[in-house]
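Comments concern the structure below.
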Number of protein chains: 2
Amino acid sequence: MMNTNRTVVSRRSRPAKEPLSHELIVQTAYRLLKDEGMSGMSMRKVAKALDTGPSSLYVYVKNLQELSAFVLDHGMGELRYPDGAGVPWQERLFDVLTAYLHLLFEHPGLAELALTTLPMGEHSLRLTETILSALAEGGIRTTAAAWGVDLILFYVSSVAFEHVSWKKQGTDQLASIKASYQSADPARYPQITALGETLFSGDTSTQDRFRWGLQVILQGILQTQNEKGAEHHERQNGS
Amino acid sequence: MMNTNRTVVSRRSRPAKEPLSHELIVQTAYRLLKDEGMSGMSMRKVAKALDTGPSSLYVYVKNLQELSAFVLDHGMGELRYPDGAGVPWQERLFDVLTAYLHLLFEHPGLAELALTTLPMGEHSLRLTETILSALAEGGIRTTAAAWGVDLILFYVSSVAFEHVSWKKQGTDQLASIKASYQSADPARYPQITALGETLFSGDTSTQDRFRWGLQVILQGILQTQNEKGAEHHERQNGS
DNA sequence: ACCTGAACACCGTTCAAGT
DNA sequence: ACCTGAACACCGTTCAAGT
């Protein structure tokens with residue numbers, strides 16, 4: 001009895017339950033995402049991991065979509081930026097994006113999020129800024145730069161997502177898609193038939209393919225910006 | 001009593017319930033997807049629309065993912081291919097992809113599916129074949145063509161998906177993302193600050209932007225294929 | 001071979017009630 | 001201001017039982 005009334009001591013000891021907070025919720029959700037993938041990050045599971053009910057989360061987070069946006073940004077905070085001092089802009093860009101790709105590879109759930117969610121927070125700002133500054137050094141600015149960042153980030157996400165899909169999707173599903181391509185009527189689908197195995201390089205040489213795609217996008221932007229970009233600009237100014 | 005035993009007549013009348021079939025299930029799912037979006041296409045809702053229980057569907061379809069793949073292909077069957085006779089390959093390609101983009105715009109659910117699902121069926125074969133043959137006419141073949149189709153299709157899907165997200169996402173969410181970009185510390189994020197409004201052209205001029213991206217990809221492939229492509233090939237052959 | 005009912009193990013979100 | 005319990009309206013998938 002006496003002891004029961006004297007639990008004041010426990011005030012300074014670690015409380016049985018850490019109080020909730022925006023940060024704690026995002027961290028917990030991210031841990032679940034890393035450990036169990038996209039389906040591990042549900043409002044209910046996050047709540048359970050925090051030893052509370054799902055409704056408690058709604059004080060700190062508007063809904064699952066908003067939480068996802070924060071978790072994605074939190075994950076991007078794990079990106080370690082390679083030292084770009086003295087490195088040419090194209091290579092610098094390639095290095096950062098490769099690091100980002102690897103981060104998404106390591107955490108498949110993050111790759112899924114990246115494709116479908118607009119991140120919210122400082123870490124996505126930093127990545128965008130880094131890409132923009134590399135592009136600017138390459139002479140890519142204004143509209144071309146704005147659209148370029150978008151295209152580039154989407155490209156990285158899509159490569160990561162495709163890679164993850166390949167691993168996750170039941171082997172049967174992939175086998176039957178592959179089969180349908182390989183048994184395509186040569187008369188109706190000559191190009192597909194001619195390509196044969198080449199069409200299924202989704203699994204092989206991800207590295208080469210990733211590099212190729214970035215090369216394509218950068219070369220394309222450099223080539224295009226002084227045509228369409230200028231044309232667009234002229235139209236805007238009416239000059 | 002007598003009448004009850006003589007229901008043989010109804011054999012030739014339309015049965016109360018159409019029998020299930022793979023086709024019917026896919027059609028029903030597609031209708032739900034068109035009418036109610038991605039969340040309208042659940043196993044349970046498809047079953048209910050067919051006046052049966054969800055377990056009945058599993059005779060014809062392995063799971064939701066497989067059904068999605070078939071529904072996506074079914075939707076691609078609505079694509080009307082523009083007449084490409086006498087049209088230069090780049091323009092032909094642009095026309096087909098624009099038609100595809102519009103199809104995805106009309107049916108937002110389809111856009112969501114397109115980004116996350118590998119389609120299964122003849123209609124996706126046809127689109128791939130069409131793109132490949134245009135690329136081939138432009139001199140783009142083998143690895144560059146295979147990777148190119150992939151890149152192009154992903155690009156179209158991503159533009160459609162982004163467009164859909166913009167409309168669907170709560171205005172609040174978008175407003176706060178926009179705000180975080182606009183209130184970014186100019187010292188730390190000079191490029192972002194400099195771009196200002198330009199970064200948020202996601203809503204404006206989708207047409208220009210789409211055209212720009214395709215131009216970038218095609219120009220990029222044309223530029224890149226005789227560098228990296230050849231290099232890759234040499235490495236493979238060890239010569 | 002196909003269909004059904006019922007169950008299992010989950011979801012996101014809301015809301016009245018408590019502190 | 002924060003937390004809780006309970007409810008609402010859903011999910012995908014499986015499985016024994018029927019025809």
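By convention in this document, chain letters (A, B, ...) are assigned in the order of the sequence lines, proteins followed by strands, and residues within each chain are numbered from 1.
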Inset, instruction - Spell out, as yes or no, whether a donor-acceptor pair under 3.5 Å connects the side chain of A/H107 to the backbone of A/K34. - result: no
Legend entry - Euclidean distance, atom CG of residue B/L24 to atom C1' of C/dC3 [Å, nearest integer]: 15 Å
Inset, instruction - For A/S42, answer base if it contacts any base atom (sugar-phosphate contacts may also be present), sugar-phosphate if it contacts only those atoms, and nothing otherwise; contact means non-hydrogen atoms under 4.0 Å. - result: sugar-phosphate
Inset, instruction - Mind checking the CG-OG spacing from B/L115 to A/S158? Nearest 0.5 Å is all I need. - result: 8.5 Å
Legend entry - Interatomic distance, B/L32 CG vs D/dC11 C1' [rounded to whole Å]: 15 Å
Inset, instruction - Name the residue closer to the 5' end of DNA chain C, choosing between A/G40 and B/S56 according to the nucleotide with the nearest heavy atom. - result: B/S56
Inset, instruction - For the pair A/E129 (side chain) and B/I192 (backbone), establish whether a donor and an acceptor sit closer than 3.5 Å, ignoring hydrogens and angles. - result: yes
Inset, instruction - Calculate the interatomic distance between A/K48 atom NZ and D/dG5 atom P; express it in whole Å. - result: 13 Å
Inset, instruction - Determine: side-chain N/O of B/T52 to OP1/OP2 of C/dC3, distance under 4.0 Å, yes or no. - result: no
Inset, instruction - Can you tell me the distance, in whole Å, between the CG atom of B/D51 and the C1' atom of C/dT4? - result: 12 Å
Legend entry - Distance between P atoms of C/dA9 and D/dA9 (Å, rounded): 24 Å
Inset, instruction - Mind calculating the distance between CG (B/L67) and P (D/dT13) to the nearest angstrom? - result: 10 Å
Legend entry - Ring geometry between B/Y155 and B/F210 (parallel below 30°, tilted from 30 to 60°, perpendicular above 60°): parallel
Inset, instruction - Indicate, yes or no, whether a donor-acceptor pair under 3.5 Å links the base of D/dG5 to the side chain of A/S55. - result: yes
Inset, instruction - Please report, rounded to the nearest Å, how far the C1' atom of C/dC2 is from the CG atom of B/L50. - result: 15 Å
Legend entry - Given DNA chain D, 5'-ward residue of the pair A/V59 and B/L64, judged by closest heavy atom: A/V59
Inset, instruction - Taking only the side-chain heavy atoms of B/Y60 (C-beta and beyond), determine which of C/dG12, D/dT4, C/dC3 contains the nearest atom. - result: C/dC3
Legend entry - Donor-acceptor contact present, side-chain B/S157 to main-chain B/L153, <3.5 Å: yes
Legend entry - Candidate nucleotides C/dT13, C/dA7, D/dC3, ranked by approach to the side chain of B/R44 - the nearest: C/dA7
Inset, instruction - Using whole Å, report how far CD of A/E66 lies from P of C/dT13. - result: 11 Å
Legend entry - Under 3.5 Å: donor-acceptor pair, side chain of A/Y81, backbone of A/L127: yes
Inset, instruction - Mind calculating the distance between CG (A/L57) and P (C/dT14) to the nearest angstrom? - result: 13 Å
Inset, instruction - Give a yes or no on whether the backbone of A/A114 and the side-chain of A/T117 come within a donor-acceptor separation of less than 3.5 Å. - result: no
Inset, instruction - Under 3.5 Å for both distances, Watson-Crick or G-U wobble, that's the pair rule; now give the dot-bracket for DNA chain D, with | marking pairs to another strand and [ ] for crossing ones. - result: ||.|||||...|||||.||
Inset, instruction - Check whether any side-chain N or O of B/K45 sits under 4.0 Å from OP1 or OP2 of D/dC11, and answer yes or no. - result: yes
Inset, instruction - Can you figure out which of C/dC2, C/dT14, D/dA7 approaches the side chain of A/Y58 most closely? - result: C/dT14
Inset, instruction - Look at the side chain of B/D73 and the backbone N and O of B/S124, then say whether any donor-acceptor pair between them is shorter than 3.5 Å. - result: yes
